2 protein chains.
Amino acid sequence: MRVSLKDVALHAGVSIKTVSNVVNDQPHVTPTMRARVQKSIDELGYRPNLTARHLRKGRTGIVALALPELGNPYFAELAAEVVDAAAEHDYTVLLDHTGGRRDQETLVSQGFRARVIDGLILSPIELEAEDLRQRAEPVPLVLLGEREYDLPYDHISIDNVAAAREAVRHLISLGRRDIAFLGARRGRSQPAHLRLRGWREALDAAGLVADHRLVAATDGWGHADGAAAMARLLDAGHRPDAVFAYNDLIAIGAMRVLSERGLRIPEDVAVVGFDDVVEGRFGAVTLTSVSPDKASIARMAVESVLSQLNGAPRHQARRIHAGYSLVERESTLGRG
Amino acid sequence: MRVSLKDVALHAGVSIKTVSNVVNDQPHVTPTMRARVQKSIDELGYRPNLTARHLRKGRTGIVALALPELGNPYFAELAAEVVDAAAEHDYTVLLDHTGGRRDQETLVSQGFRARVIDGLILSPIELEAEDLRQRAEPVPLVLLGEREYDLPYDHISIDNVAAAREAVRHLISLGRRDIAFLGARRGRSQPAHLRLRGWREALDAAGLVADHRLVAATDGWGHADGAAAMARLLDAGHRPDAVFAYNDLIAIGAMRVLSERGLRIPEDVAVVGFDDVVEGRFGAVTLTSVSPDKASIARMAVESVLSQLNGAPRHQARRIHAGYSLVERESTLGRG
DNA sequence: CGTCAGCATTACAACGATGCAAAGCGATGT
DNA sequence: ACATCGCTTTGCATCGTTGTAATGCTGACG
């Protein structure tokens with residue numbers, strides 16, 4: 001069995017409370033006493049029982065992070081950043097993944113999966129505002145990602161519209177005119193709408209037509225979905241001279257298909273992705289991509305949870321934009 | 001504040017324990033009583049406080065998973081599998097990452113990072129046997145990965161030597177003779193030694209020389225490390241006709257350098273990786289790779305932790321081999 | 001009608017830690 | 001020598017839940 005305060009107290013010949021005071025660095029403990037108790041603590045190898053502490057104090061030191069899928073390197077990289085950011089505050093991260101399914105996301109938001117947590121950082125895909133409106137859970141919640149809700153929860157993301165606009169403007173500056181968008185989620189009410197809006201706005205601003213036939217829906221957000229969408233576009237007889245993808249995986253899947261069809265990147269088709277995952281930096285053609293500042297997203301998410309825990313007013317939600325940059329690589333090199 | 005058993009008991013006009021019995025589906029509760037209490041539970045929206053339950057029962061329902069780096073898709077994919085496997089047993093996963101550093105790995109193994117866990121699944125990189133020998137922690141531990149220790153802990157991995165042998169044998173069967181190995185960790189006592197041994201054994205068995213000049217060390221396990229190692233090899237005047245990499249990321253990094261130097265894959269240089277990460281299936285040249293059965297690794301790891309929790313003898317450790325297969329793709333296509 | 005078996009319900013203690021308030025103790029002032 | 005002050009140390013209750021043991025109650029049986 002584990003060593004408890006009681007054992008240490010017995011060993012040191014003092015009261016339980018005194019040991020507790022030493023452990024918690026309370027004032028009003030004489031150096032002598034502190035030393036004596038510390039000795040017993042060390043000898044017995046005492047370590048506080050966080051469960052008990054939590055029961056008493058109402059804190060666990062754990063924040064949950066619920067992501068659509070860990071297999072997507074963007075989320076994996078983000079998770080790593082969150083773990084680090086949490087560690088800075090002596091917090092650990094409990095990981096959950098929802099598969100981007102609405103029922104799972106709802107369950108997680110209501111605390112059904114993990115109930116021993118101080119806060120929740122959730123990156124929703126299909127969750128609807130109404131699902132959250134019914135949330136009775138007192139646990140602080142922070143939302144990440146592209147979905148926007150008019151609800152009293154902090155929301156952290158980059159300015160997706162502006163970032164998408166910048167990406168497409170970059171393609172236009174290279175002289176591209178027929179710019180496809182890959183990755184509007186098929187059959188969804190909110191299909192990647194912010195990035196799609198940025199695409200449209202950039203085209204409008206340049207006096208180009210936003211041809212909806214160049215918008216290809218996908219079922220998911222992986223390589224295979226990008227490949228399928230690209231193939232569909234080409235099979236339908238379209239030959240865009242540039243592609244802006246919802247994310248890097250879709251872009252990479254698309255690039256694969258483009259080269260299978262004998263199209264050169266960037267000469268024939270320039271490609272821009274979104275997320276700046278490591279993978280995009282090492283393909284045969286490196287990928288130009290919008291690079292969200294993952295570290296600061298993670299940091300702000302953790303800080304939001306902690307500030308809510310420390311009594312920040314929960315009714316006024318903040319919409320926080322993290323930084324981003326467009327990283328240009330081979331897939332948009334030179335003039336097309 | 002949250003609703004507790006006490007509140008429900010008051011509301012229903014019964015004792016706390018009776019409510020507890022209803023909640024836990026204990027026998028010896030009359031249907032009438034059960035209905036009455038259930039009504040109060042529903043009306044008040046009671047949900048058990050897991051922290052208190054855990055304090056009482058000594059279990060938290062959380063297993064920790066400590067990985068070297070989440071940024072590596074192999075580990076991210078594995079983490080996703082572990083989360084799923086744990087969920088099947090109503091367990092959630094607490095994620096930690098060690099950066100593959102020995103001090104972090106030691107801390108994690110001793111429970112310093114996360115102290116609210118029922119078990120720990122650890123994938124060590126630099127941890128030494130002595131670090132674990134001093135482990136006093138009563139929490140069940142399972143080890144994953146290539147490192148082998150003669151210690152009383154279950155260890156789950158694939159048969160790295162056999163898998164590496166098979167990969168290299170495949171290259172030999174394509175007529176390749178000068179087969180490089182990329183990824184022995186530089187300056188380490190146990191540099192990827194199992195996969196390296198498989199490489200050597202396959203060459204020996206085929207009557208080929210295992211030329212140690214074709215073994216290139218790396219600093220880490222990422223794309224950049226593979227690229228650097230490949231560049232170093234080529235710069236030194238070596239021109240292998242095949243490359244076997246410690247993992248897919250290193251392989252992909254190497255492929256990038258190979259094509260930069262105008263070498264064709266697989267015509268000039270065939271490449272085999274290890275891990276079968278999704279990324280390898282969507283490059284310009286898809287990557288042949290050893291594919292460990294991640295799902296069953298995850299499942300067995302979780303089951304090992306749970307069986308230890310349920311009193312399985314801890315002194316006799318098991319060495320468990322999961323399945324794997326060699327998936328052939330474009331990077332080793334046809335005859336060279 | 002009284003007794004007892006047997007099930008339903010309850011009271012109490014405990015898991016380990018901490019907040020609060022009271023008790024202990026040495027030093028100081030008169 | 002004694003009252004007082006102030007810091008150190010302690011005892012007790014408590015967080016929400018569950019295991020154990022005791023109690024209450026109903027109905028069957030003699």
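Here the structure is a predicted model, which is why all the values come from computation and not from measurement. Proteins come first, then strands; the chains are lettered A, B, ... in the order of their sequence lines, and each starts at number 1.
If you take CZ on A:Arg147 and CG on A:Leu194, they are separated by 9.5 Å, rounding to the nearest 0.5 Å. Taking NE2 from B:His155 and CZ from B:Arg319, the interatomic distance works out to 4.5 Å, rounded to the nearest 0.5 Å. The structure places OH of B:Tyr153 at 8.5 Å from CG of B:Leu143, a figure rounded to the nearest 0.5 Å. Expressed to the nearest 0.5 Å, how far CZ of A:Arg53 lies from OG1 of A:Thr60 amounts to 12.0 Å.
Summarising the geometry, the separation between CG on A:Asp7 and C1' on C:dA17 is reported as 13 Å, rounded to the nearest angstrom. The separation between A:His54 atom NE2 and D:dT14 atom C1' is 15 Å, rounded to whole Å. Summarising the geometry, the separation between CG on B:Leu55 and C1' on C:dA17 is reported as 9 Å, rounded to the nearest angstrom. Separating the CG atom of A:Leu50 from the C1' atom of D:dC15 is a distance of 16 Å, rounded to the nearest angstrom. Computed from coordinates, the B:Met33 CE to C:dT10 C1' distance equals 10 Å when rounded to whole Å. The NE2 atom of B:His28 sits 9 Å away from the C1' atom of C:dA8 (whole-angstrom rounding). Here C:dT10 presents its P atom at 12 Å from CG of B:Leu10, a figure rounded to the nearest Å. Distance, A:Arg34 CZ to D:dT8 P: 10 Å, rounded to whole Å.
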- Query: What does nucleotides 18-23 of chain D look like as a protein-contact string, B for base, S for sugar-phosphate only, - for none, at under 4.0 angstrom between heavy atoms?
  - Reply: BBB---
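One finds no salt bridge joining B:Asp150 and B:Arg133 here, because no Lys/Arg side-chain nitrogen approaches an Asp/Glu carboxylate oxygen to under 4.0 Å. Ion pairing between A:Glu81 and A:Lys294 fails under the 4.0 Å rule for side-chain N and carboxylate O.
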- Could you write out DNA chain C as a dot-bracket string, with dots for unpaired bases, | for bases paired across to another strand, and Watson-Crick or G-U pairs counted at under 3.5 Å? ||||||||||||||||||||||||||||||
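Of the residues near DNA chain C, A:Ser4 and B:Pro27, the one whose nearest nucleotide (by heavy atom distance) lies more toward the 5' end is B:Pro27.
Applying the 4.0 Å criterion to OP1 and OP2 of C:dT10, one finds that B:Thr18 has a side-chain N or O inside that range. A:Thr30 has a side-chain polar atom (N or O) that falls below the 4.0 Å cut-off from OP1 or OP2 of D:dT9.
Among B:Leu67, B:Ile297, B:Val93, the one residue that satisfies the side chain to side chain contact (heavy atoms under 4.5 Å, CB included) test with B:Val82 is B:Val93.
Judged as a salt bridge (charged side-chain N to carboxylate O under 4.0 Å, His left out), not a single pair has a partner in residues 6-23 of chain A (not counting sequence neighbours).
Side-chain polar atoms of A:Thr51 and B:His54 form no donor-acceptor pair below 3.5 angstrom.
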